[in-house]
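So you know, we letter chains A, B, ... as the sequences are listed, proteins then strands, and number each from 1. Since the model is a prediction, treat every value here as computed from it, not as a measurement.
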Amino acid sequence: MNYWLFKSEPDAWSWDQQKKEGAKGAEWDGVRNYQARNVMRAMRKGDFGFFYQSGEERRIVGVVKVVAEAHKDSTDGTGMWECVDVAAVSDVPRAVTLTEIKGDPRLKDMVLVKNSRLSVQPVTAAEWRKLCAMGGLSNPPSC
DNA sequence: GCCAACGTTGGC
DNA sequence: GCCAACGTTGGC
């Protein structure tokens, strides 16, 4: 079981929209970057991830679960691009801001810090636990 | 609005 | 295969 982080501009796809899709989830579509595609290919059904809003918000606001492994991106006509489906699991009670993340030495190696442009990222188990604690998730989703 | 970082494209 | 030019992303 691995952990991930999904990044989105609220204007493009917001946490509210994600929650409206409910337990069946929705395609994490529109990714047109090889590195991000490879990250999604490594995801397995049941894996958890954070939902991070970039742009003006810059904070982790929710937890999602992978409900379908990598498959063709329905918004892509070339057949080159893939996506997973993710479903909202819960809010993060106390959204964790990028500022807080950058201020914590234990999180300094996060991809979010080192390569902020990658839109889908791996998160280590240690980072996951730490971020869940910071976000006020007393019962961190895990396997 | 600016700029740094990164990825992609295309000429050589 | 190299690298300059360009476009995009995202933090500030």
Residues A/Ser119, A/Asn33; criterion side chain to side chain contact (heavy atoms under 4.5 Å, CB included); working and verdict: CA-CA 9 Å; A/Ser119 61; A/Asn33 172 284; 5.6 Å; no
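- A/Met43 is not connected to A/Val89 by any chain of hydrophobic side-chain contacts under 4.5 Å among Ile, Leu, Val, Met, Phe, Trp and Tyr, and they are in different clusters.
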Given A/Trp4 and A/Val84, is the side chain to side chain contact (heavy atoms under 4.5 Å, CB included) satisfied, shown in steps? CA-CA 12 Å; A/Trp4 314 97; A/Val84 295; over 6 Å; no
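- With side-chain heavy atoms closer than 4.5 Å counting as contact, directly or through intermediates, the hydrophobic cluster containing A/Leu118 also holds A/Val111.
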Scan the side chains in residues 127-136 of chain A for donor-acceptor partners under 3.5 Å anywhere in the protein, sequence neighbours excluded, and list what turns up.
| residue | atom | partner | partner atom | Å |
| --- | --- | --- | --- | --- |
| A/Glu127 | OE1 | A/Thr124 | N | 2.9 |
| A/Glu127 | OE1 | A/Thr124 | OG1 | 3.3 |
| A/Trp128 | NE1 | A/Pro141 | O | 2.9 |
| A/Lys130 | NZ | A/Asp104 | OD2 | 3.4 |

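- When the salt bridge (Lys or Arg N to Asp or Glu O under 4.0 Å) test is applied to A/Lys24, the partners found at least two apart in sequence or on another chain are A/Glu21.
- For the helix from B/dG1-C/dC12 to B/dC12-C/dG1, the end axes, each set by the C1' atoms of five terminal pairs, are bent relative to each other by 10° (nearest 10°).
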Can I get a per-line list of side-chain donor-acceptor pairs under 3.5 Å for residues 52-66 of chain A, giving both atom names and the distance, sequence neighbours left out?
| residue | atom | partner | partner atom | Å |
| --- | --- | --- | --- | --- |
| A/Glu57 | OE1 | A/Arg59 | NE | 3.2 |
| A/Arg58 | NH1 | A/Gly55 | O | 2.8 |

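- Residue pairs satisfying the ring-ring contact (aromatic ring centres under 6.0 Å, His included) criterion with at least one member in residues 90-121 of chain A, sequence neighbours excluded, are absent.
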With a 3.5 Å cut-off and sequence neighbours excluded, list the donor-acceptor pairs that the side chains of residues 67-80 of chain A form with protein atoms.
| residue | atom | partner | partner atom | Å |
| --- | --- | --- | --- | --- |
| A/Glu69 | OE2 | A/Lys45 | N | 2.9 |
| A/His71 | NE2 | A/Asp85 | OD1 | 2.8 |
| A/Lys72 | NZ | A/Asp76 | O | 3.4 |
| A/Asp73 | OD1 | A/Thr75 | N | 2.7 |
| A/Asp73 | OD1 | A/Thr75 | OG1 | 2.6 |
| A/Asp73 | OD2 | A/Gly30 | N | 2.9 |
| A/Asp73 | OD2 | A/Arg32 | NH1 | 2.9 |
| A/Asp73 | OD2 | A/Thr75 | OG1 | 3.4 |
| A/Ser74 | OG | A/Glu27 | OE1 | 2.8 |
| A/Thr75 | OG1 | A/Arg32 | NH2 | 3.1 |
| A/Asp76 | OD1 | A/Thr78 | N | 3.1 |
| A/Asp76 | OD1 | A/Thr78 | OG1 | 2.8 |
| A/Asp76 | OD2 | A/Thr78 | OG1 | 3.1 |
| A/Asp76 | OD2 | A/Gly79 | N | 3.0 |
| A/Asp76 | OD2 | A/Met80 | N | 3.1 |
| A/Asp76 | OD2 | A/Trp81 | N | 2.9 |
| A/Thr78 | OG1 | A/Met80 | N | 3.1 |

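- Residues of residues 113-121 of chain A having a heavy atom closer than 4.0 Å to DNA chain C, listed by number: A/Ser116, A/Arg117.
- Interface residues of residues 95-105 of chain A facing DNA chain C, ordered by number: A/Leu98, A/Lys102; criterion, heavy-atom separation under 4.0 Å.
- Residue pairs satisfying the ring-ring contact (aromatic ring centres under 6.0 Å, His included) criterion with at least one member in residues 91-110 of chain A, sequence neighbours excluded, are absent.
- Here chain A contacts DNA chain C (any atom closer than 4.0 Å to a heavy atom, that is under 4.0 Å), and the contacts span C/dG7 to C/dC12 from 5' to 3'.
- In the hydrophobic clustering of ILVMFWY residues, with side-chain heavy atoms under 4.5 Å counting as a link, A/Leu112 and A/Val31 come out apart.
- Evaluation of the side chain to side chain contact (heavy atoms under 4.5 Å, CB included) rule for A/Lys19 yields A/Trp15, A/Asp16, A/Ala88, A/Asp91 as partners, not counting sequence neighbours.
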